[in-house]
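Scope of the values below: all heavy atoms of this structure, side chains included, with no hydrogens, waters or symmetry mates. Order of the sequence lines fixes the chain letters, A, B, ..., with proteins taken first and strands second; residue numbering starts at 1 for each chain.
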Amino acid sequence: MDFQLTEEQKLIKESVRDWFARNLPLERVREMDTKGHPYPQDIPKGLGELGVIMGTVPKEHGGQGLDWFTQTLIAEEIGYADPTIACAAAFMAVATGWGYTLDKYCSEEVREMAIKPALKGEKFVGIATTEPGGGSDVAAFKSTAEKDGDEWVLNGEKTFISGVEEAREWGGGYWVNVRTGEPPEDAPHKNMTSFFVPIDAEGLEPDKPYRDAGRNALSTGGFRMENVRIPDSYRLGEEGKGFYRTMEGFDNARLLIGASSVGVTQRILEEGMKYIKERKTFGKPLAKYEGIQFELVELYREMEATRLMTYKTAWMQDKRYQDGSFKPKDVAKWISMIKWKAPHLALEAANKAMHWLGAAGYSDEYMFEMAWRGVMSYCVGAEGGENIQKIVIGRELLGPDYVPYK
Amino acid sequence: MNFIVCVKQVPDTTEVEVDRESGTIIREGVPSILNPFDEFALNEAIRVKEKTGGRITVLSMGPPQAQEALRKCLAIGADEAILLTDQAFAGSDTWATSFTLARAVEKLGKYDLIFCGQQATDGDTAQVGPELARQLNIPQMTYVESIEEIDDGSVICKKETDGGYQRVKSGLPALLAFISTPAFEPKIPSIMEVMGAKSKTLSQWGIDDLGDEDGDYGLDGSPTQVIRVYSPPQRGEGVIIEEPPEVAVDKLIEYLESEGII
């Protein structure tokens, strides 16, 4: 076991840190949070040039062929720069988590059309699984696809989808799950098939985006599909096996959201420390009061523990893909632990820091409140809410007989 | 054309704190960076190379961990890097450093221009560049901001002076010591460039590679020695009088009298 980063990993971290300090300082994050979506495309294009979007896509497909550990370090740095996990961190995590999985199962046609431009930050790729009738319950969806010659005809509705407005504006599309047959009663996850659906497909009608509490730079919305016809070459993986492929995509995106959240906590604590060392009350800096100092050190300890868990998870993820020495379910348990723990810790850190600052912390003079609103998204739902992560962990600990959905 | 860029890894001075008790700099835990003046010089060398073609070799003397700074230079755009590292070089002052660098330059063979940063942000001597030119017996230009023209036999530089700028022409080979400009944005290497730097040559040379064993290497070859590094004592908090001048003057006089200063 070696905790030392390689020369390349250190340099990559430095490049990402420097790029964001120049192109997305906190003032710009604030501006984007205030102005709302869609966000300016110079950021994804810049990230594309830097090579940090979908870095894990193999070189022969136009990616960097990075390992997941290195992509995790990148995600951490981007979370540090974008504590709302909206302006850049969400884009990178969604594009990388789902883009990598898309690339793994898509045809050459989809790769040329969507993956290669997305690698350059020119198009948006994401996930559309939630429906009005079910989100956490991934298998409770109603959208369908029927085969018609060499084509599929899709009908249904998707909601709470990240980046709908950005996808419309830049082009791109979604990983979309539909039913391609009635599932057995005791196995609702069967007969799910995944397709790549371009955002500009005929019959696809986007809804108006939601007004979310936070992560305002990135749009959340939905779309309806009425007789959307797509060729069979847009199918992702085998017919009827979409559930498993979808869980793989979630694993990949959740790992990076966890890592980004560690970066958010780091930024909150650094900015918080600056404040409590400077600000005096009753003649002493705030940092001298145990009520504040001990909260800080507890958060710091938790952050370092979460970071170690995240690094171990990334290492397992590499083993899963490189030599199969960890099975997907082994890795999924760890991924769920950090996807639960890391955003929750960032939320707690933002909450505590706002208390340290008082009214100032609640205002837009400091970054804490926008981080608090932003990371809440990942606690309640984005890429799977906390309770879903607990179900995954419980399933691996107690066995499949004790899951609530059976 | 063959360009040599001399660089140094330095502590990130924006992160440096001073131990209030001893007055010395706390180096533990302070990240190391590429000396910003050297980074400017390297960026300028890359800009010139894009026009003239050629090869950039980066040269540094330092402990083995300085290899990280060299790898960054390779990612930014240098073609090859050499780290001069040996216990025998430890304790070098600016003269011994320039002596060691000069042996490496001679070993490298033919070169047209040497790029240096004007000074390093840790020692701030601004001596190594000029001393290296002296050791090699080549012309030097200091306080250089940019290269305006270059051909096979000569170079014209824009050089800062107290009152403005000079355009100075020199024959080649020559040594240029660069200042930085406020608008300078160093090149940020992409992931592709970082990964590409892995396959570029980064060598380590010790005293056996440079020869001249009785030369001015390390502590023994250094005519000067630093006896103590310390910061001036911390000053107490000042007093700010925020009043219009007619009131402020009286208050200032009152304060100076009460403190027994006047």
Side-chain angles (χ1 to χ4, degrees), chain A residues 4-25 43 45-75 77-78 81 92 96 119-121 270 273-274 277-278 280 283 285, chain B residues 7 9-12 14-15 17-18 20 29-36 38-40 42-43 58 60 62-78 81 83 85 180 182-204 237:
Chain A
Q4 188 74 29
L5 300 184
T6 65
E7 254 175 21
E8 288 74 31
Q9 285 164 338
K10 285 185 201 166
L11 280 176
I12 287 172
K13 268 172 77 77
E14 193 179 322
S15 279
V16 177
R17 180 78 61 114
D18 290 347
W19 191 90
F20 276 97
R22 189 180 294 172
N23 295 288
L24 191 69
I43 292 174
K45 282 187 176 167
L47 293 179
E49 276 171 33
L50 195 60
V52 299
I53 308 171
M54 295 156 67
T56 50
V57 166
K59 276 190 180 156
E60 54 273 26
H61 294 173
Q64 311 298 333
L66 290 184
D67 50 55
W68 285 93
F69 188 86
T70 305
Q71 188 72 40
T72 294
L73 296 174
I74 292 170
E77 285 297 334
I78 301 183
M92 186 283 305
T96 307
L119 275 161
K120 294 181 195 156
E270 281 182 21
M273 278 194 279
K274 268 191 235 164
K277 282 165 94 171
E278 274 170 22
K280 284 183 181 163
Chain B
V7 304
Q9 190 184 42
V10 294
D12 187 348
T14 58
E15 305 263 344
E17 288 187 24
V18 175
R20 289 192 193 182
V30 177
S32 296
I33 57 167
L34 184 59
N35 175 36
D38 301 342
E39 193 168 9
F40 182 87
L42 174 61
N43 275 257
V58 177
S60 184
Q65 60 267 31
Q67 182 173 312
E68 283 175 17
L70 291 181
R71 191 69 71 186
K72 181 173 178 178
C73 294
L74 294 172
I76 292 173
L83 176 64
T85 190
S180 191
F184 170 57
E185 286 195 333
K187 185 170 183 283
I188 298 172
S190 69
I191 311 299
M192 300 66 107
E193 287 165 328
V194 170
M195 300 312 274
K198 236 164 119 173
S199 52
K200 292 182 180 175
T201 309
L202 198 165
S203 322
Q204 292 198 356
E237 265 181 62

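- Pairs of residues two or more places apart, or lying in two chains, that qualify as salt bridge (Lys or Arg N to Asp or Glu O under 4.0 Å) and include a residue from residues 189-198 of chain B are B:Lys187-B:Glu193.
- Side-chain N or O atoms of A:Gln9 include one that pairs as donor or acceptor with a backbone N or O of A:Thr6 at under 3.5 Å.
- For residues 47-70 of chain A, there are no salt bridge (Lys or Arg N to Asp or Glu O under 4.0 Å) pairs, not counting sequence neighbours.
- No donor-acceptor contact under 3.5 angstrom links the side chains of B:Gln65 and B:Gln9, judged on distance only.
- Residues of residues 10-17 of chain A that come closer than 4.5 Å to chain B, counting heavy atoms only, are A:Lys10, A:Leu11, A:Ile12, A:Glu14, A:Ser15, ordered by residue number.
- With sequence neighbours excluded, the residues forming a side-chain contact (heavy atoms from CB on, under 4.5 Å) with B:Glu185 are A:Arg22, listed by chain and number.
- At least one side-chain heavy atom of B:Val7 sits under 4.5 Å from a side-chain heavy atom of B:Leu70.
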